[in-house]
Amino acid sequence: MHLYGTQQIENGHLTIGGVDTVALAKEYGTPLFVYDTALIRQRARGFKETFEKLGVTAQVAYASKAFACVAAYQLAAQENLSLDVVSGGELFTAIKAGFPAERIHFHGNNKSFAELELAFATGIGCIVVDNFYEIALLKEISEEREQKMNILLRVTPGVEAHTHDFITTGQADSKFGFDLNNGQADEAFTQVKDHPYLQLLGLHCHIGSQIFETDGFALAAGKVMAKMGAWKADHGFEATVLNLGGGFGIRYTEEDKPLEPHIYVEEMIKSVQREAKELKLSMPEIWIEPGRSLVGDAGTSLYTVGSQKTVPGIREYIAVDGGMSDNIRPALYDAKYEAAIANKADQVKDATYTVAGKLCESGDKLLIDAALQQAEAGDILAMFCTGAYGYSMASNYNRVPRPAVVFVESGEHQLAIQRESYEDLVVNDLPLTLKKGE
Ligand SMILES: *Cc1c(COP(=O)(O)O)cnc(C)c1O
């Protein structure tokens, strides 16, 4: 059984951060997300310290759509990370958390006027500009407020990285960014380069997710830096920032073979240095945006096993007290995970179960034909590597309250997000006031 971070098996129970998960399930209830914050710190340092060691000025921005809450933002601040937000709601949460505004970067393909106003009002460090409509809004807001704002232009370099390979044409059909190859990026540059309040720092690209190779990043860096070279030659503009996005892969199952953070960073630096030398550009700051790779394998979901159903000759189901409402990835993307019975973690996995959720959808299955210990009602099922795009995509489908989230480290545990109550579910509901028709 693969254990992540500080996970151990003690007295037959799975522990995380020195805390018994069965006891956590009892104290906080299930479904429960448990985050190994030491592992998050280790990953953050793996990225940051590699830049420092190699003397490259950098920002490592936590792409917080993977898992956003006040305590997560405070943890990112403790680790001196920067922060990517993609909505007014994430930005508001970050400010509430006391995250340093100058290290917040704002992404999104349809930022509203109100969201951009909030970005100016809170004085964030950078807006990653996605489209021409946004340029017009930014000009209007910055001129009205007479306030400067750092910007990057998001471009699509025509490199789309997948888990084990990349394609070099596929990305043109993307809802994000200015196309680097058809003149859109040049037009965007022309529109912002001499603006009195919009301070263009450089370019951004994000080529995919769950990437296990470094070639895609190198290729994208080459294409984006070629454009930087052209803008320097043609307009005397020297970009100071190259943002290469996120997408660093993690291990969900034994088929996934991720690289250590330092490998991604070292290879990126090498290719940027090589391109800078070739193009006679000064070395830009490198910004990266890991999301999944900071929090993904640090998160474990705990559920209580309830009903069981045998479909003779086909499969055995066990059902748990959560499902697609707290982890939609299996239903949405066929995402694969591994799991164990937390209170029988030292026993062999000699059973095969399909783990169903409790939501009213046939597709609400968390695991298909998974190897597990023999299960019975009341057991605690631990599903691994659910820290990214789990809670952050949670819903109240079927009016199921969203789970609680607990952080554990060095034998201590704390609630990071309370479990929703039934009262929370109706807090925004209003009574019917329309009169019944005659
Ligand atoms: C989602 C996203 C990321 C993070 O992706 P991960 O796969 O979670 O690392 C980074 N940058 C941008 C622009 C994104 O949209």
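Everything numeric in this text was worked out from a predicted model, so none of it was measured.
No more than 12 heavy atoms of other residues, nucleotides or ligands shown are found within 6.0 angstrom of CD on Gln418. Residue-environment remark: CZ (Phe92) stays at or below the threshold of 12 foreign heavy atoms within 6.0 Å. Residue-environment remark: CD (Glu102) exceeds the threshold of 12 foreign heavy atoms within 6.0 Å. In the displayed structure, Glu412 atom CD is contacted under 6.0 Å by at most 12 heavy atoms of other residues, nucleotides or ligands. More than 12 heavy atoms of other residues, nucleotides or ligands lie within 6.0 Å of CZ in Phe113, so this atom counts as buried by the packing criterion. Counting non-hydrogen atoms of other residues, nucleotides and ligands closer than 6.0 Å to NZ of Lys349 gives a total above 12.
Not one N or O on the side chain of Lys65 forms a donor-acceptor pair closer than 3.5 Å with the backbone of Asp84. With hydrogens and angles ignored, the 3.5 Å screen pairs no side-chain donor or acceptor of Gln42 with any backbone N or O of Ala38. Remark: side-chain polar atoms of Ser392 are paired, donor with acceptor, to backbone N or O of Ala66 under 3.5 angstrom. The backbone N or O of Ala58 sits nowhere less than 3.5 Å from a side-chain atom of Glu285 that would complete a donor-acceptor pair. Formation of a donor-acceptor pair under 3.5 Å by the Ser87 side chain with backbone atoms of Gly89 is found in this model. Looking only at distances, no side-chain donor or acceptor of Asp297 sits under 3.5 Å from a matching main-chain atom of Gly5. Of the possible polar contacts, none joining the Asn11 side chain to the His13 backbone as a donor-acceptor pair under 3.5 Å is found.
With respect to Lys344 and Glu376, a salt bridge is recorded, a charged nitrogen being found less than 4.0 Å from a carboxylate O.
Under the 4.5 Å side-chain criterion, counting only non-hydrogen atoms from C-beta, Ile104 is not in contact with Ser82. Side-chain atoms of Gln414 and Val406, non-hydrogen and from C-beta on, never get closer than 4.5 Å to each other. Using a 4.5 Å cut-off on side-chain heavy atoms (C-beta onward), Asp215 and Glu267 make no contact. Between Ile250 and Gln210 there is a side-chain heavy-atom pair separated by less than 4.5 Å. With a 4.5 Å cut-off on side-chain heavy atoms, Glu338 and Leu367 do not count as touching. Between Glu10 and Asp20, every side-chain heavy-atom pair lies at or beyond the 4.5 Å cut-off. Between Cys385 and Tyr4, some side-chain heavy-atom pair lies under the 4.5 Å cut-off. Contact annotation: the side chain of Leu372 approaches that of Ile318 to within less than 4.5 Å [non-hydrogen atoms, C-beta and beyond].
Donor-acceptor pairing under 3.5 Å is lacking for the side chains of Glu289 and His105. Between the side chains of Thr37 and Glu409, a donor-acceptor pair is found at a separation under 3.5 Å. In summary, the side chains of Arg292 and Tyr252 do present a donor paired with an acceptor at a separation below 3.5 Å, with no hydrogens or angles considered. Judged purely by distance below 3.5 Å, without hydrogens or angles, the side chains of Arg329 and Tyr337 pair a donor atom with an acceptor atom. Judged by distance alone, the side chains of Glu420 and Asn396 do bring a donor and an acceptor atom under 3.5 Å apart. A donor-acceptor pair shorter than 3.5 Å cannot be found between the side chains of Asn109 and Asp130. Looking only at atom types and distance, the side chain of Asp36 has a donor-acceptor partner in the side chain of Thr6 under 3.5 Å away. Under 3.5 Å, the side chains of Glu266 and Thr214 contain no donor-acceptor pair of N or O atoms. Tyr303 and Asp326 form a side-chain donor-acceptor contact under 3.5 Å, judged by distance and modelled atom types alone. Side chains of Arg315 and Tyr353: a donor-acceptor N/O pair is absent below 3.5 angstrom, by distance only.
For His262 and Tyr264, the ring centers sit 6.0 Å or farther from each other. Taking the six-membered ring wherever Trp is involved, the centroid distance between the rings of Tyr389 and Phe67 does not fall below 6.0 Å. Aromatic pair His107/His204: ring centres closer than 6.0 Å.
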Could you tabulate the donor-acceptor pairs under 3.5 Å formed by side-chain atoms of residues 26-34, not counting sequence neighbours?
residue, atom, partner, partner atom, Å
Tyr28, OH, His413, ND1, 2.7
Thr30, OG1, Thr304, OG1, 2.6
Thr30, OG1, Asp321, OD2, 2.5

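For Val311, the side-chain contact (heavy atoms from CB on, under 4.5 Å) partners at least two apart in sequence or on another chain are Lys309, Ile314, Tyr317. Checked against side-chain contact (heavy atoms from CB on, under 4.5 Å), Lys336 has the following partners two or more places apart in sequence or in another chain: Thr253, Asp334.
Note: Ile141 CD1 to Leu116 CG = 4.5 Å, rounded to the nearest 0.5 Å. Here the CG atom belonging to Leu14 is positioned 11.0 Å from the CG atom belonging to Asp346, to the nearest 0.5 angstrom. Here the CZ atom belonging to Arg103 is positioned 7.5 Å from the CG atom belonging to Leu81, to the nearest 0.5 angstrom. Atom CD1 of residue Ile16 and atom CZ of residue Phe384 lie 7.5 Å apart, to the nearest 0.5 angstrom.
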From CA spacing to verdict: side chain to side chain donor-acceptor pair (under 3.5 Å), Gln184, Thr156: CA-CA 10 Å; Gln184 283 176 1; Thr156 44; over 6 Å; no

Worked check of side chain to side chain contact (heavy atoms under 4.5 Å, CB included) between Met383 and Thr300: CA-CA 6 Å; Met383 193 160 138; Thr300 304; 5.9 Å; no

Side chain to side chain donor-acceptor pair (under 3.5 Å) between Thr354 and Asp369, worked out: CA-CA 5 Å; Thr354 289; Asp369 296 334; 3.2 Å; yes

